[in-house]
**Q** 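Here it is, the structure, as structure tokens.
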Amino acid sequence: MASIISRTSFRALTALPRATPLPRLSLSSQLPRMQPRVQPLPRRFLTTIPQEQPRLRLGSKAPNFKAQTTHGELDFHEFIGNSWAILFSHPADFTPVCTTELGAFAKMKDEFEKRDVKMIGLSANDLSSHDQWIDDINELANTQVQFPVIADADRKVAFLYDMIDQRDLDNIAEKGIPFTIRSVFIIDPAKTIRLIMSYPASTGRNSAEVLRVIDSLQTADKKGIATPIDWNVGDDVIVPPSVSTEDAKKKFGNVRELKPYLRYTKA
């Protein structure tokens with residue numbers, strides 16, 4: 001038998017408030033949010049990464065830049081002026097190998113000044129820690145760091161001079177902004193790159209070798225000669241193949257010929 005509801009009861013039921021329908025949820029909003037395993041790098045930084053590293057070669061112009069340093073804001077070419085310059089980079093402040101390197105270069109200040117060479121360092125940190133780190137260097141090496149140290153926390157100079165390890169570039173999404181490798185650039189008064197040396201982060205440089213190369217470059221420019229392996233100031237130099245033995249004797253005096261292409265003389 002069908003249920004019979006009175007007209008009065010029907011009116012009472014229809015007068016009850018209707019339930020508010022639940023909002024429709026998308027599938028993605030019903031699932032728990034998954035945090036990315038690696039936080040993405042800031043878009044501002046990603047846009048500054050060059051698509052192709054600059055091609056810095058011996059004989060090319062040293063790129064100019066402006067940067068904050070421990071000696072204030074600096075224009076690199078203006079800093080060089082009519083002198084020679086050494087630009088050398090370091091991975092980070094308060095790291096052991098870098099500390100020994102800056103201390104060694106600081107102790108050689110007088111030797112570089114004799115050769116009219118200005119030194120400038122670079123570390124991949126901002127200025128907030130540079131001064132305290134330099135205090136440590138002065139204490140440990142018993143010296144005074146008097147050359148400027150660039151603050152390159154955003155790696156603008158590091159990328160400009162290709163002071164980056166390829167493995168760090170390949171893993172930049174996982175490891176973040178890379179540190180710099182240990183690079184050395186010797187630049188002459190014409191702002192021309194004359195030497196490039198790159199070392200891994202685990203290997204400290206040879207400061208005496210940097211000075212030896214400067215002596216070789218400056219002697220070659222002045223005398224028109226070349227220098228043999230392990231050459232140091234005072235050793236015999238090599239007569240270039242472009243100069244005949246007869247002309248070499250007129251220019252240098254005594255010429256010692258081992259082979260027509262290998263001739264020694266005094267600078």
Side-chain angles (χ1 to χ4, degrees), residues 56-60 62-63 76 79-80 83-92 95-124 133-134 137-138 140-150 152 157-158 161-165 179-240 262 264-267:
L56 299 182
R57 298 188 176 97
L58 299 185
S60 65
F76 186 48
F79 167 77
I80 296 174
S83 302
W84 289 68
I86 303 172
L87 169 64
F88 52 104
S89 60
H90 301 84
T95 51
V97 178
C98 301
T99 300
T100 64
E101 288 186 325
L102 264 73
F105 277 109
K107 285 186 171 182
M108 299 174 70
K109 171 180 175 290
D110 292 343
E111 292 299 323
F112 286 114
E113 285 185 347
K114 288 178 185 176
R115 296 157 175 82
D116 192 26
V117 178
K118 295 179 179 178
M119 293 184 287
I120 181 168
L122 176 149
S123 187
W133 181 41
I134 289 174
I137 296 168
N138 292 337
L140 294 169
N142 191 25
T143 187
Q144 289 293 319
V145 175
Q146 298 184 33
F147 52 81
V149 179
I150 298 167
D152 196 37
V157 180
Y161 275 77
D162 199 12
M163 302 172 175
I164 303 295
D165 190 305
F179 288 106
T180 62
I181 59 175
R182 303 182 192 282
S183 294
V184 179
F185 292 86
I186 296 179
I187 301 166
D188 67 18
K191 317 302 183 295
T192 301
I193 297 174
R194 301 295 298 275
L195 176 126
I196 302 173
M197 290 189 286
S198 297
Y199 297 75
S202 60
T203 302
R205 284 163 279 214
N206 186 324
S207 56
E209 171 63 8
V210 175
L211 195 66
R212 190 191 76 88
V213 172
I214 291 172
D215 285 336
S216 173
L217 290 170
Q218 293 184 345
T219 303
D221 286 358
K222 185 177 180 180
K223 303 287 187 178
I225 51 83
T227 57
I229 186 171
D230 297 330
W231 177 87
N232 283 287
V233 174
D235 294 344
D236 287 354
V237 297
I238 290 176
V239 177
L262 181 55
Y264 287 92
T265 188
K266 294 288 185 182

**Q** Check whether any side-chain heavy atom of Val184 sits under 4.5 Å from a side-chain heavy atom of Val213, and report yes or no.
**A**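 No, their side chains stay 4.5 Å or more apart.
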**Q** For Asp215, enumerate each residue passing the salt bridge (Lys or Arg N to Asp or Glu O under 4.0 Å) test, keeping only those at least two apart in sequence or located in another chain.
**A**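 Applying salt bridge (Lys or Arg N to Asp or Glu O under 4.0 Å) to Asp215 gives Arg115.
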**Q** Could you report the tightest heavy-atom contact between Gly121 and Phe147, atom names first, then the distance?
**A**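 Here Gly121 and Phe147 meet closest at N-CD1, 4.0 Å.
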**Q** Please answer whether the main-chain N or O of Asp221 pairs with a side-chain N or O of Lys223 as donor and acceptor at a distance below 3.5 Å.
**A**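 Not a single qualifying donor-acceptor pair exists.
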**Q** Please find the pair of heavy atoms, one from Val210 and one from Ile186, that lie closest to each other, and give the distance.
**A**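 Result for this residue pair: O-CD1, 4.1 Å.
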**Q** Can you give me the closest heavy-atom contact between Val117 and Gln218, atom names plus distance?
**A**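 The answer is CG2-NE2, 4.1 Å.
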**Q** Evaluate the side-chain contact (heavy atoms from CB on, under 4.5 Å) criterion for residues Tyr264 and Ile238: first the C-alpha distance (whole Å), next the side-chain angles of each, then the deciding distance (0.1 Å), finally the verdict.
**A** CA-CA 5 Å; Tyr264 287 92; Ile238 290 176; 3.9 Å; yes
**Q** To the nearest 0.5 Å, what is the distance between CD1 on Ile80 and CD1 on Ile187?
**A**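 Answer rounded to 0.5 Å: 4.5 Å.
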**Q** Under 3.5 Å, which donor-acceptor pairs do the side chains of residues 103-110 form with other protein atoms, sequence neighbours left out?
**A**
unit_1: Lys107; atom_1: NZ; unit_2: Ala141; atom_2: O; d: 3.1
unit_1: Lys109; atom_1: NZ; unit_2: Glu113; atom_2: OE1; d: 3.4
unit_1: Lys109; atom_1: NZ; unit_2: Glu113; atom_2: OE2; d: 3.0

**Q** Between Arg182 and His90, is there a donor-acceptor pair closer than 3.5 Å when you use the side chain of the first and the backbone of the second?
**A**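 Not a single qualifying donor-acceptor pair exists.
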**Q** When rounded to the nearest 0.5 angstrom, what is the spacing between CD1 in Ile225 and NZ in Lys266?
**A**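 Answer for the CD1-NZ pair, Ile225 versus Lys266, is 12.5 Å.
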**Q** At what distance, to the nearest 0.5 angstrom, does OG of Ser198 lie from OH of Tyr161?
**A**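 If we round to the nearest 0.5 Å, Ser198:OG and Tyr161:OH are 13.0 Å apart.
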**Q** Checking Ser89 side chain against Ile181 main chain: does a donor-acceptor pair fall under 3.5 Å?
**A**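 Here the side-chain-to-backbone pair exists.
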**Q** How far does CG of Asp230 sit from CG of Asp235, to the nearest 0.5 angstrom?
**A**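 So the CG of Asp230 and the CG of Asp235 are separated by 9.0 Å.
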**Q** Taking all atoms of both residues into account, what is the closest heavy-atom pair of Cys98 and Pro91, and its distance?
**A**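 That closest heavy-atom pairing would be SG-CD, 3.2 Å.
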**Q** Nearest 0.5 angstrom please: Ile214 CD1 to Lys114 NZ, how far?
**A**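 If I round to the nearest 0.5 Å, the distance is 13.5 Å.
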**Q** Run Ile150 and Phe76 through side-chain contact (heavy atoms from CB on, under 4.5 Å) and show every step you take.
**A** CA-CA 10 Å; Ile150 298 167; Phe76 186 48; 5.8 Å; no
**Q** For the backbone of Leu122 and the side chain of Asp152, can you confirm whether one donor and one acceptor N or O come within less than 3.5 Å of each other?
**A**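 Answer holds: no.
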**Q** So, for Thr219 and Ala267, which heavy atoms are closest and what is the spacing to 0.1 Å?
**A**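 Heavy atoms only, the tightest pair is CG2-CB, 4.3 Å.
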**Q** When rounded to the nearest 0.5 angstrom, what distance separates OG in Ser207 from CZ in Phe88?
**A**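 That separation rounds to 10.0 Å.
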**Q** List the atom of Trp133, the atom of Thr99, and the distance in Å for their closest heavy-atom pair.
**A**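 Smallest interatomic distance, heavy atoms only, reads NE1-OG1, 3.0 Å.
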